[in-house]
Amino acid sequence: MVTTHNLGFPRIGAQRELKFGLERYWKGESSRDELKELGAQLRARHWSDQRGLDLVPVGDFAFYDQVLDMSFTLGNLPERVRGFHGDKLDNYFRVARGRSAQGEEQHAGCCGGVAAGEMTKWFDTNYHYIVPEFTAGTQFNLDTSNFLEQLREAREQRVKAKPVILGPLSYLWLGKAKDGSDKLALLPRIMPVYRALLDYFRVMDVEWVQIDEPVLATELEPAWRDAFTTAYAGFEERGVKLLLTTYFGQLKENLDLACALPVDGLHIDAINARDELALAVQKLPAHSVLSVGAINGRNIWKTDLNATLEWLAPLAQQLGERLWIAPSCSLLHVPVDLASEARLDPEIRSWLAFALQKLDELRILAAALNGQRDAVAAELAANAAAIAARRQSPRVHNPAVKAALARIDAQLGKRQNGYAARAEKQAALLKLPAFPTTTIGSFPQTAEIRRARSQYKSGALEHTGYQAAMRAEIERSVREQEQLGLDVLVHGEAERNDMVEYFGEQLDGYAFSQFGWVQSYGSRCVKPPILFGDISRPNAMTVEWIGYAQSLTDKPMKGMLTGPVTILNWSFVRDDQPRSVSCYQLALAIRAEVLDLEKAGVRVIQIDEAALREGLPLRRAQWGDYLRWAVESFRIAANGVGDATQIHTHMCYSEFNDIIASIADMDADVITIETSRSDMELLDAFDHFNYPNEIGPGVYDIHSPNIPTEQHIVQLMRKAAERIPAERLWVNPDCGLKTRQWAEVLPALSNMVAAAKTLRAQAQ
Ligand code: GLN
Ligand code: ZN
């Protein structure tokens with residue numbers, strides 16, 4: 001008999017109950033007890049959803065983030081909140097977001113606001129965790145309260161609980177040594193706490209513990225590999241069984257290491273590393289369990305169950321009881337329930353599986369492997385039919401798109417001339433002053449804008465009314481920018497709800513869910529659009545809005561687009577072709593839009609690639625391949641224009657050191673980036689590389705309500721000019737302004753324009 005289990009369940013709730021509960025509590029609209037009760041209800045519901053599995057995860061629930069929960073279990077709170085009193089949950093929120101609930105008068109003097117914990121991306125997903133903080137002096141102390149509560153609840157519900165913990169090496173690896181000390185030096189101090197935790201589980205009658213070590217899917221330095229051996233040797237005496245769990249990639253050179261660790265089982269992500277299963281079978285000790293992640297925990301497609309059984313059945317034969325099956329990784333990264341999607345096109349819906357449907361798939365696989373193939377024959381046949389329908393559907397396959405893709409050649413992504421020649425023509429046409437000023441695209445999304453959009457969506461507002469409302473907003477933005485004296489204007493993006501969804505909605509090949517929310521961080525969720533078919537652009541998408549905006553002013557108006565790589569990286573994408581192919585298709589669609597904008601007389605076009613960096617593969621060895629097709633996709637989208645058309649790109653992050661050559665390869669005339677908080681140090685990468693084109697380093701931190709002074713902006717720009725020749729510098733905010741208020745934006749931009757004038761005067 002094979003064992004079925006799950007690695008983690010989406011905690012946010014099918015209707016985002018946790019999000020709303022958290023936000024009520026933070027606003028002071030509900031009590032802590034109500035929030036705790038909601039947590040217990042969600043856990044109970046999710047365990048009941050997972051009923052029928054042999055083992056269910058416990059401890060995968062978190063009010064904010066599972067890594068932060070682990071920090072609390074290990075007693076590793078950042079220095080700045082130690083000594084805080086009051087409820088533990090409040091302290092937890094202080095670490096996560098700098099503050100707990102509103103109206104905590106009792107603690108205003110002692111535990112008020114603190115700096116929020118740093119957040120960063122969880123491997124190559126769009127989930128963000130709170131980075132554990134260390135110093136050379138960090139001490140750890142076991143706190144079992146979280147597990148005590150959850151294990152007790154699980155027992156009451158009679159589910160077979162498998163606690164999930166982040167293993168010691170991954171925990172240390174994901175954290176940050178604030179004093180630059182060696183994190184591995186903490187291993188001897190953290191291990192006794194892990195051992196005590198395992199002892200505690202034994203006392204709680206736990207049989208299996210899932211110990212996650214996702215770093216085994218990355219390239220590890222020798223010291224870290226050695227540390228695995230040392231650390232896990234320390235687990236040898238224990239009363240519970242350990243399932244060493246890896247996901248998100250192949251183990252490669254770490255496979256031998258993983259198989260040799262003294263644990264009771266190994267989980268391998270068979271979506272990414274199916275070819276390593278056979279080797280693992282050879283290398284694992286004879287008693288060891290092999291857990292196969294046979295269902296993709298990160299996408300929303302149905303599994304081809306019959307094809308899966310074809311390779312899984314021989315493994316089951318070979319391993320017998322030692323075979324376990326599960327999703328490839330925690331289901332945290334997919335929405336909860338497809339059954340909520342009543343409005344989704346039924347044909348597309350029939351190709352999809354969300355978390356609950358994925359667990360059904362797991363049960364079907366198990367039944368088939370356990371000799372009950374007849375009992376699930378109908379399900380298997382239905383699955384085969386759905387898979388075949390998707391494979392052949394004309395909605396997925398568009399011969400014209402495939403033909404256009406086949407015509408892509410080395411010339412398509414090339415500008416007619418190099419930057420120097422282009423810059424001359426652009427200068428003659430645009431006649432911009434030194435230190436030209438611009439913004440990144442969006443202006444405040446006011447309550448009126450959101451109301452008009454939602455009324456339009458619900459049908460309460462007809463097209464002409466909506467269009468008039470948006471035009472009024474565009475006009476307002478243009479007038480404000482003229483008043484401010486900005487040099488290159490934008491239309492303000494009032495008509496866009498989201499920079500990816502807006503384009504997805506206008507492209508063929510995209511579908512949208514209603515409740516397909518996935519946690520991004522804390523209470524924040526995203527609803528990635530579903531790229532299901534060959535991408536084409538039936539109509540121009542932005543030309544009308546930009547044309548209208550340009551008609552209101554003599555200043556150059558920037559056309560604003562989202563780039564192909566960012567659209568790809570923020571969508572659920574096809575699993576039936578390489579990501580690169582979907583990306584090239586998006587590139588051709590955006591290219592057509594760029595050319596239409598140019599034809600309409602737009603002279604400056606910005607193509608945002610906010611998410612280019614986050615698509616980097618986990619393993620460095622694979623970076624080159626990704627960067628090659630990602631950069632080529634951008635070039636195809638952007639570079640069909642004439643020399644005099646100025647192409648901008650924008651990226652909302654700051655680390656460029658390791659990808660600067662690829663950034664330069666994109667060959668945008670102007671790149672705007674986020675730099676204000678780093679005091680321009682981030683420009684070092686551009687400086688050392690001798691970045692050849694123009695740069696707009698952000699001088700206004702749009703994540704903060706603070707208004708930068710003119711003097712501060714002048715200072716930042718002077719620092720920038722130490723690194724980049726002044727004639728190639730632009731003056732602009734870090735990112736779009738849609739989350740800010742007009743009352744903040746106007747004085748900030750006014751200071752920015754004043755700073756540019758001061759800089760120009762000084763340059764003369
Ligand atoms: N043009 C977009 C905006 O201004 C860019 C947003 C982003 O980079 N995330 O909103
Ligand atoms: Zn940005």
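In this text the structure is predicted, and so the values were computed from the model without any measurement. Below, all heavy atoms of this structure are taken into account, side chains as well, without hydrogens, waters or symmetry copies. Both counts, for ligands and for their atoms, begin at 1 and track the order of listing.
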Tell me whether D669 is salt-bridged to R422, with the criterion being a basic N under 4.0 Å from an acidic carboxylate O.
yes
Do H650 and ligand 1 have an N or O pair less than 3.5 Å apart?
yes
Is the shortest N/O to N/O distance between W570 and ligand 1 below 3.5 Å?
no
Looking only at protein heavy atoms, identify the closest one to [atom] and say how far it is in Å.
atom                    : result
atom 2 (C) of ligand 1  : D608 OD2, 3.3 Å
atom 10 (O) of ligand 1 : S442 OG, 2.7 Å
atom 6 (C) of ligand 1  : M499 SD, 3.5 Å
atom 9 (N) of ligand 1  : C652 SG, 3.3 Å

Polar side-chain atom of [X] near backbone of [Y] as donor-acceptor pair, under 3.5 Å:
X    : Y    : value
R728 : N693 : yes
T553 : A549 : no
T566 : A611 : yes
Q550 : M557 : yes
S571 : I530 : no
Q455 : L461 : no

With a cut-off of 4.0 Å, which atoms of ligand 1 are near a heavy atom of [X]?
X    : answer
I440 : 1 (N), 4 (O)
M560 : 1 (N)
G441 : 4 (O)
G736 : 3 (C), 4 (O), 10 (O)
C735 : 6 (C), 7 (C), 8 (O), 9 (N)

What is the NE2(H650)-the Zn ion (ligand 2)-SG(C652) angle, to the nearest 10 degrees?
120°
For K457 against N497, the heavy-atom pair lying closest together:
NZ-ND2, 4.1 Å
